[in-house]
Number of protein chains: 2
Amino acid sequence: MKSTGLLVDCGAPPTGDSHTDCHKVIMPVRDALDVISGKWKLPIIIAVSRGHNRFRDIERSIPKITSKVLSKELKDLETHKLIRRTVYNTQPVQVEYTLTPYAATLESVIVALQQWGLQHRKKILGK
Amino acid sequence: MKSTGLLVDCGAPPTGDSHTDCHKVIMPVRDALDVISGKWKLPIIIAVSRGHNRFRDIERSIPKITSKVLSKELKDLETHKLIRRTVYNTQPVQVEYTLTPYAATLESVIVALQQWGLQHRKKILGK
DNA sequence: GTAACCAGTTTCCAAAAGGTAAGTGCTTTA
DNA sequence: TAAAGCACTTACCTTTTGGAAACTGGTTAC
């Protein structure tokens with residue numbers, strides 16, 4: 001799911017009636033999904049929020065992620081202002097990834113997904 | 001190494017094994033994303049929940065979706081027990097899509113995404 | 001002096017997602 | 001009788017995603 005701009009072009013909103021109500025929910029949800037959907041973005045945000053701030057540390061904390069994918073997703077998250085990359089000119093150079101304050105606004109999304117995922121797993125695995 | 005406050009409480013002490021701690025959040029979130037991520041699944045659920053129950057009606061209510069994609073996503077949602085497909089043997093056959101009670105459990109996820117999407121759009125446009 | 005760690009990048013490739021356009025078989029409406 | 005609606009399906013194609021593996025250019029530990 002790739003869009004050109006920062007917000008989703010949902011086309012012309014259907015005028016009036018029952019569609020409008022629907023559209024008012026669909027559009028914001030699509031805006032949000034555009035930023036955070038995909039296999040890796042939220043796991044990365046969670047890992048960084050739990051104190052995994054170095055590249056290899058994040059990589060190790062997320063099962064099955066590869067360095068190539070991590071590198072690309074970190075760049076995406078940086079352009080969406082959810083993660084900040086800081087380079088310290090130590091010897092050798094040390095790179096630290098931290099969440100921006102803006103990323104904290106995703107907390108309710110993460111909590112909702114975590115809780116739904118938990119009960120879903122219980123439901124699927126026999127209960 | 002400061003935290004932004006995005007700390008999801010998953011019952012483990014922050015001083016414990018940070019990888020285990022982290023996985024308790026990542027795994028459920030990934031379980032949830034497996035079911036609902038992608039460009040169309042939540043928009044379809046929203047449309048159906050708003051009373052768009054016929055194929056063409058759903059199609060019209062979601063900007064830019066095509067019948068091919070809608071058909072495929074509806075099948076996926078059916079196998080995940082989120083949508084029920086009912087065929088009435090009228091002349092001609094009438095097909096109705098409805099949400100299962102289980103789909104209602106996604107409400108908090110949808111609300112969280114909708115609200116985040118709303119403020120995100122405001123942030124992007126209104127700065 | 002070589003093995004390992006760091007922060008990535010590169011290449012090659014397969015699979016999944018998604019768009020375009022047309023068609024199917026049926027029925028209803030003008 | 002033609003057009004349009006319903007519920008889809010099919011074929012073809014491009015884009016996106018992501019996995020595997022090697023590699024780079026530095027540093028540090030044994």
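By convention in this document, chain letters (A, B, ...) are assigned in the order of the sequence lines, proteins followed by strands, and residues within each chain are numbered from 1. Everything numeric here is computed off the predicted structure, so don't read it as measured data. Just so you know, these numbers use all the heavy atoms, side chains as well, and skip hydrogens, waters and symmetry mates.
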**Message:** What is the distance, to the nearest angstrom, from the CG atom on B:Leu70 to the C1' atom on D:dT9?
**Reply:** 13 Å

**Fill in**
Note: for B:Ile65 and A:Leu74 on DNA chain C, the residue whose nearest nucleotide lies more 5' is A:Leu74

**Request:** Quickly work out the A:Glu59 CD to D:dG18 P distance and round it to whole Å.
**Result:** 15 Å

**Request:** If a pair satisfies ring pair (Phe, Tyr, Trp, His ring centres under 6.0 Å) and one of its residues is in residues 80-116 of chain B, list it, with sequence neighbours excluded.
**Result:** A:Tyr102-B:Trp116, A:Trp116-B:Tyr102, A:His120-B:Tyr102, B:Trp116-B:His120

**Item:** Under-4.0 Å side-chain N/O to phosphate OP1/OP2 contact, A:Ser71 with C:dG8
**Value:** no

**Message:** Of the listed nucleotides (C:dG18, D:dA7, C:dC6), which one gets closest to any side-chain atom of B:Val95?
**Reply:** D:dA7

**Prompt:** Separation of B:Gln91 atom CD from C:dT27 atom P, in whole Å?
**Reply:** 6 Å

**Prompt:** Just how far, in rounded Å, is C1' of C:dA7 from OH of A:Tyr97?
**Reply:** 7 Å

**Message:** Can you confirm whether A:Leu70 sits close enough to A:Leu74 that some side-chain heavy atom of one is under 4.5 Å from a side-chain heavy atom of the other?
**Reply:** yes

**Asked** Taking atom C1' of D:dG19 as reference, at what distance in whole Å does atom CH2 of A:Trp40 sit?
**Response** 10 Å

**Request:** Check for a donor-acceptor pair, side chain of A:Ser108 on one end and backbone N or O of B:Ala112 on the other, with a separation under 3.5 Å.
**Result:** no

**Prompt:** For the side chain of B:Ser61 and the backbone of B:Ala47, is there at least one donor-acceptor N/O pair under 3.5 Å apart?
**Reply:** no

**Prompt:** Do any of residues 41-49 of chain B sit with a heavy atom less than 4.0 Å from DNA chain D, and if so which?
**Reply:** none

**Salt bridge flag under 4.0 Å for residues A:Glu78 and A:Arg85** = no

**Message:** Using side-chain heavy atoms (C-beta onward) and a distance below 4.5 Å, is A:Thr105 in contact with B:Gln119?
**Reply:** yes

**Value in whole Å for how far the P atom of D:dT16 lies from NZ of A:Lys72** = 10 Å

**Prompt:** Hey, is the side chain of B:Thr66 pairing donor to acceptor with the base of C:dT20 inside 3.5 Å?
**Reply:** no

**Request:** With the side chain of B:Arg60 defined as its heavy atoms from C-beta on, choose the nearest nucleotide among C:dG8, D:dC6, D:dG18.
**Result:** D:dC6

**Asked** Counting side-chain heavy atoms from CB outward, which of C:dG19, C:dA22, C:dG8 is closest to B:Lys68?
**Response** C:dG19

**Asked** Where do A:Val109 and A:Ile36 land on the side-chain contact (heavy atoms from CB on, under 4.5 Å) test, with the steps shown first?
**Response** CA-CA 10 Å; A:Val109 170; A:Ile36 58 143; 3.9 Å; yes

**Message:** How many whole angstroms separate atom CZ of A:Phe55 from atom P of C:dC6?
**Reply:** 12 Å

**Distance in angstrom units between B:Glu96 CD and D:dC6 P, rounded** = 15 Å

**Asked** With respect to the side chain of B:Arg54, which nucleotide from D:dC6, D:dC12, D:dA20 is positioned closest?
**Response** D:dC6

**Item:** Salt bridge flag under 4.0 Å for residues B:Asp76 and B:Lys72
**Value:** yes

**Prompt:** Do B:Lys39 side-chain and C:dG18 base share a donor-acceptor contact under 3.5 Å?
**Reply:** no

**Request:** Side chain of B:Arg56 only, please: which of D:dA7, C:dG8, D:dT10 is the nearest?
**Result:** D:dA7

**Item:** Shortest side-chain distance from A:Glu73, nucleotide among C:dG8, C:dA22, D:dG18
**Value:** D:dG18

